[in-house]
Amino acid sequence: MSFPLLTVTAALPAVGAILTAAVPAARRTAAKWLALLVSLATLALAALVAVRFDPGGDRFQLTESHSWIKDFGVRYEVGVDGIGVALIALTALLIPFVIAAGWHDADPLETHSSRWRPTQGFFALILLVEAMVIISFAATDVFVFYIFFEAMLIPMYFLIGGFGDRAHSGSDENAAAQRSYAAVKFLLYNLAGGLIMLAAVVGLYVVAGNFSLQEIIAARAAGTLDMSQGTERLLFLGFFFAFAVKAPLWPLHTWLPNAMGEATAPVAVLITAVVDKVGTFAMLRFCLGLFPEASKWATPVVLVLALISIVYGALLAVGQRDIKRLVAYASISHFGFIILGIFAMTSQGQSGATLYMVNHGLSTAALMLVAGFLISRRGSRLIADYGGVQKVAPVLAGTFLIGGLATLSLPGLAPFVSEFLVLVGTFARYPAVGIIATFGIVLAALYTLVLYQRTMTGPLKEEVRAMPDLRLREVLVVAPLIALLIGFGVYPKPLTEIVNPAVKHTMSDVKQQDPKPSVPVQSVEAAK
C-alpha cells in the first residue's frame, strides 16, 4: 500500500511527545489532555493496522522500504506479521490507560508547593516510549531495530529516576537515592546487553552483507548464506543476551524489581507490560529467524533458565512484603513461561507464548494500576499496612481480585489460555520440563491469594477506615482491562487467528514440526 501506515502509527506519538513537551509550564492540564488525545489517535491507527492485516496473506505486510545509509546497506524497512500486529495493538491499547492512571503523578508536590514536577515532560516521555516500542515491533531491518531497541532506554531512565513513587517509607533524600539507583541499574544492565548486541549486529553485516531480516531469511532458505556453525552460535549469543536482559530472564533480571518498585504504578506498567515485551518478541523474530540452528543448539540451556525464572520468581514473590515488588517478581516468573513457550519449538508453545505476551500485558496492567490506586490512598507499599480494605472499598477490592486471579491464570480469564498452550506445547516435546513448570502455577496461586487475603480481608485497620473507593476516572481505567481479560479468556479466537500463521512461519524458519501424539488417533478411536 502507498500510505505509510506503520510509519505514521509510530510517528504520531513521537510528534505528540514534542508538542506535549512544548506546552507552557502553567498549562499542565492541557498537556495531559493533549497526550491522552494523541494516544487515542495512535490507538485508532493501530486498530487500522490490525484491520488491514490479512492473516492469510504474505508473512510481512504493510511493508515500507527506503534507502537510509546506502554505504552501509542500512535501509528503513518496516513490516508486520501477526505477532507484530498483536503487540503493536497491545502497546497502543495500554498507553491511554497509563496516561489516565498517571493523571496526577507528575503534579506539584503537595508538601513542597514551590517545587514543580515537570508534568509536560512526564507525559511526553511516555509518548516517546510508545513511538519507539511500536517501531521496534515493526522494524524488519536489524540496524533500525537496534537503534530503537537502545533509544527507548533514555526516556525510561528519566521516567524511573525522575518520577518515582511517592509512597516511600524513608526521607525525601533516601527516596531520591533509591530512584536514582533503580534508574541507573536499569540503564547499565540494558546498555551492557545492547553493547554486546551491537557487536553481534556488526558481525551479522560482515557475514550477510546487509541488515534486512527478510533478505537474510530468504538467503538462508535458498542455501546462499555463508555462515559457519561457530559464527552463527556467537551471533545468536550476542542477540540473545540483550533480549534476555530486556525480557528479563534469570539471572539477568535483578534490575526489574528495583525499577518497578521505585517507579510510579503507570510507569511500572510501561516497563513490564510494554517495554519488556520487546525482548521476548525479538527472541521470536530475530533469534529464531536469523539463527535457527543456533537457537536449537541453545534450547536445553534456555529451557533450564526459563524454568529457574518461573520457580525462582514465584518463590520470591511469595516472600515479598512490598506490593509492587511482588508484582515484579511475579512478572519474572511469567516471562519464564513466555520464553519457555518460545524455545519449546512447538506451534502450541509459540502461539501460547505470543498470547502470553498480550495477556500478561493486560493482567499486569490491571493488577498494577489498581495496586497503584491502593498505594496512593494509604501512602505505603507494604502489605502489612493494609487489612480489611474490601469493607470500605469494595469496587477497588473486586477489581484487585480479578487482576490477581488473571495473574494466577484462572480458567475463564485470558492468561489461562496462553499458559495452557505453553504447557501443552512444552510437554509435547519436553515432558519433564512441562511438569516442573506447572509448579509455577501452584506458587502463583499462593502469592496472589495471600496478597489479597492480607490486604483486602480480615479486620479493618484503622489507617484504611476512611479509604475512598475507586473514583470515576479510575474505574474508566480499570474496567476496559477487566472486560478484555474476560473477553479473551472466553473467546481468544480473534488473537489466535492473527498469531497462528506467523507462528507457522517461525516454525518453518527453524525447520521444526510438532511432535506426533504418543497415542495414535486410530487407537483412540478403537478405544471408543
Side-chain angles (χ1 to χ4, degrees), residues 5-23 27-51 80 84-107 117-138 148 151-152 154-156 158-160 163 263-278 358 361-362 364-366 368-369 372-373 472-484:
L5 182 57
L6 290 176
T7 297
V8 172
T9 303
L12 179 59
V15 173
I18 296 172
L19 296 176
T20 301
V23 173
R27 303 291 301 276
R28 66 177 187 274
T29 301
K32 297 176 184 180
W33 280 107
L34 176 60
L36 182 60
L37 290 174
V38 169
S39 68
L40 291 173
T42 305
L43 176 58
L45 287 175
L48 183 59
V49 169
V51 170
V80 286
V85 168
L87 293 175
I88 288 174
L90 172 70
T91 301
L93 175 69
L94 290 181
I95 296 301
F97 298 123
V98 167
I99 291 173
W103 201 253
H104 298 297
D105 286 355
D107 285 349
R117 312 186 94 195
T119 306
Q120 289 83 341
F122 178 75
F123 294 101
L125 289 170
I126 292 174
L127 290 176
L128 191 58
V129 171
E130 179 182 23
M132 293 179 176
V133 170
I134 288 175
I135 203 69
S136 297
F137 287 141
F148 290 98
M152 70 179 69
I154 304 304
M156 287 306 308
F158 288 109
L159 284 170
I160 296 168
F163 301 91
T264 65
V267 172
V269 170
L270 194 63
I271 295 170
T272 190
V274 177
V275 172
D276 287 356
K277 298 299 187 300
V278 178
V358 176
L362 297 174
T364 299
M368 179 59 81
L369 292 179
F373 298 149
L472 178 60
R473 173 180 61 87
E474 296 166 335
V475 171
L476 292 176
V477 167
V478 177
L481 296 173
I482 298 297
L484 288 170

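All of these numbers come straight from a predicted model, not from anything done at the bench.
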Heavy-atom side-chain proximity of [X] to [Y] below 4.5 angstrom:
X: Leu36; Y: Pro96; result: yes
X: Val278; Y: Phe148; result: no
X: Val23; Y: Thr119; result: no
X: Leu87; Y: Val274; result: no
X: Val15; Y: Leu127; result: no

Atom pair [atom1] ([X]) and [atom2] ([Y]), whose distance is rounded to the nearest 0.5 Å:
X: Thr7; Y: Leu12; atom1: OG1; atom2: CG; result: 12.5 Å
X: Ile99; Y: Ile95; atom1: CD1; atom2: CD1; result: 6.5 Å
X: Leu484; Y: Leu90; atom1: CG; atom2: CG; result: 10.0 Å
X: Met132; Y: Thr91; atom1: CE; atom2: OG1; result: 14.0 Å
X: His104; Y: Thr264; atom1: NE2; atom2: OG1; result: 13.5 Å
X: Thr364; Y: Asp276; atom1: OG1; atom2: CG; result: 10.0 Å

For the residue pair [X] and [Y], what are the closest heavy atoms and their distance?
X: Ala101; Y: Pro266; value: C-CG, 3.9 Å
X: Leu128; Y: Ala17; value: N-CB, 3.9 Å
X: Met152; Y: Ser136; value: CE-OG, 3.4 Å
X: Gly361; Y: Leu94; value: O-CD1, 3.9 Å
X: Phe97; Y: Pro480; value: CZ-CB, 3.6 Å
X: Ala31; Y: Gln120; value: CB-CG, 3.4 Å

Taking side-chain hydrogen bond (donor to acceptor under 3.5 Å, both in side chains) as the test, write out the residues that go with Thr42, two or more places apart. none
Who are the ring-ring contact (aromatic ring centres under 6.0 Å, His included) partners of Phe137, not counting sequence neighbours? Phe281
Taken in chain and number order and not counting sequence neighbours, the residues that satisfy side-chain contact (heavy atoms from CB on, under 4.5 Å) with Leu159 are Phe122, Leu125, Ile126, Val129, Met156, Phe163, Val267, Leu270
Under the side-chain contact (heavy atoms from CB on, under 4.5 Å) test, residues paired with Ala268 that sit two or more places apart: Met260, Met368
Would you list the pairs meeting side-chain hydrogen bond (donor to acceptor under 3.5 Å, both in side chains) in which at least one residue belongs to residues 474-484, sequence neighbours left out? Arg377-Glu474
Go through the structure and list residues passing salt bridge (charged side-chain N to carboxylate O under 4.0 Å, His left out) with Lys277, not counting sequence neighbours. none
Testing Ile135, Val49, Leu45 one by one against Leu6 for a side chain to side chain contact (heavy atoms under 4.5 Å, CB included), which residue passes? Val49
